[in-house]
Amino acid sequence: MPQRVVRNDAFLRAAMREHGASVLRLALAQTGSRADAEDVYQDVFVALACCDTEFADSDHLRAWLLRATLNRCRDLARSWWRRHAQSFDALGIEVAQDEKDDAPWTDAQLWEAVRRLPERYRAVVHLRYVEQLPADAIAAACGISASAVRTRLSRAMQKLRIYLGGLS
């Protein structure tokens, strides 16, 4: 049964303009694929168009969108297609990387290390260091406590040091 659209175009355009980049960046960080991230972006804003939640303010809307993005990324990761598809790495296809002479590792190596993190750590790292959200906002978006956010950030940094340790 098709969902009923309850939001007007002006509301959706404003939400996409204000929060669309954050949704897309988070989806890209979680999925590691531009195409999957764009699918998640579309699904999240379709869900927004059809939901009847009353948002108190822009921060409430942003938290809802980030939570919906994380949930959609989890759904995608659990899908049959994702479990049975091969990545470019598995197929032996190399993707060009940009090199920086002054850094001990490239941006591509850093993001590859972040992608290796378990999803629970990857999400909080992205929301903290890319979206620059405080721990309480990350907690609201992820549905966990602020202390759990700080713990996950700490553990993620330990794992990243290990992953990148051989590159410095």
Side-chain angles (χ1 to χ4, degrees), residues 1-89 93 95-98 107-108 110-146 148-150 152-153 156 160:
M1 177 155 103
Q3 295 179 340
R4 185 175 60 91
V5 175
V6 296
R7 305 277 182 198
N8 63 30
D9 279 349
F11 177 85
L12 292 172
R13 288 176 201 251
M16 283 188 256
R17 187 173 45 255
E18 190 172 344
H19 305 294
S22 295
V23 168
L24 187 61
R25 282 191 305 264
L26 178 58
L28 186 57
Q30 292 299 104
T31 63
S33 161
R34 180 78 179 180
D36 288 342
E38 289 172 352
D39 286 345
V40 168
Y41 176 92
Q42 180 177 338
D43 290 347
V44 166
F45 282 102
V46 166
L48 177 63
C50 297
C51 90
D52 57 359
T53 303
E54 292 295 325
F55 298 105
D57 57 17
S58 181
D59 289 338
H60 182 204
L61 174 60
R62 182 179 187 185
W64 187 94
L65 288 168
L66 294 176
R67 182 64 185 255
T69 302
L70 288 172
N71 289 338
R72 181 63 190 114
C73 289
R74 285 186 192 116
D75 292 345
L76 184 64
R78 288 190 298 248
S79 72
W80 182 91
W81 176 257
R82 178 65 122 206
R83 288 189 320 252
H84 292 85
Q86 287 186 322
S87 69
F88 283 135
D89 294 335
I93 299 172
V95 179
Q97 299 178 359
D98 58 334
D107 285 348
L110 175 61
W111 286 112
E112 181 56 35
V114 170
R115 274 193 289 278
R116 288 178 56 195
L117 291 171
E119 187 275 330
R120 62 190 297 142
Y121 298 144
R122 196 170 54 241
V124 295
V125 166
H126 176 83
L127 292 173
R128 176 67 188 108
Y129 296 105
V130 177
E131 300 301 328
Q132 299 183 349
L133 293 177
D136 56 340
I138 297 169
C142 294
I144 58 176
S145 68
V149 169
R150 289 187 289 275
R152 288 181 185 187
L153 284 170
L160 287 173

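What you see below is based on every heavy atom in this structure, not just the backbone, and it leaves out hydrogens, waters and symmetry mates. One-based numbering along the sequence shown.
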Validation row: [X], [Y] side chains within 4.5 angstrom (heavy atoms):
{"X": "Leu70", "Y": "Cys73", "value": "no"}
{"X": "Arg120", "Y": "Cys142", "value": "no"}
{"X": "Tyr129", "Y": "Leu153", "value": "yes"}
{"X": "Leu65", "Y": "Leu26", "value": "no"}
{"X": "Leu133", "Y": "Leu66", "value": "yes"}

Could you tell me whether Arg122 and Glu119 make a salt bridge, using a distance below 4.0 angstrom between a side-chain N and a carboxylate O?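 Here Arg122 does not pair with Glu119 in a salt bridge, since their nearest N and O are not under 4.0 Å apart.
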
Closer than 4.0 angstrom, basic N to acidic O: yes or no for Arg34 and Glu38?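 Yes, charged N to carboxylate O under 4.0 Å.
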
Point-to-point distance, once rounded to the nearest 0.5 Å, from [atom1] of [X] to [atom2] of [Y]:
{"X": "Arg72", "Y": "Thr31", "atom1": "CZ", "atom2": "OG1", "result": "10.5 Å"}
{"X": "Ile144", "Y": "Arg150", "atom1": "CD1", "atom2": "CZ", "result": "10.5 Å"}
{"X": "Leu24", "Y": "His19", "atom1": "CG", "atom2": "NE2", "result": "14.5 Å"}
{"X": "Leu127", "Y": "Thr69", "atom1": "CG", "atom2": "OG1", "result": "9.5 Å"}
{"X": "Ser22", "Y": "His126", "atom1": "OG", "atom2": "NE2", "result": "7.0 Å"}
{"X": "Arg17", "Y": "Leu12", "atom1": "CZ", "atom2": "CG", "result": "11.0 Å"}

Flag if over 12 foreign heavy atoms under 6.0 Å of CZ, Arg13: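 Check fails, neighbour count at 12 or below.
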
Parallel, tilted or perpendicular: rings of Phe55 and Phe11 (30°, 60°):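 Taking Phe55 first and then Phe11, their aromatic rings lie parallel (interplane angle under 30°).
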
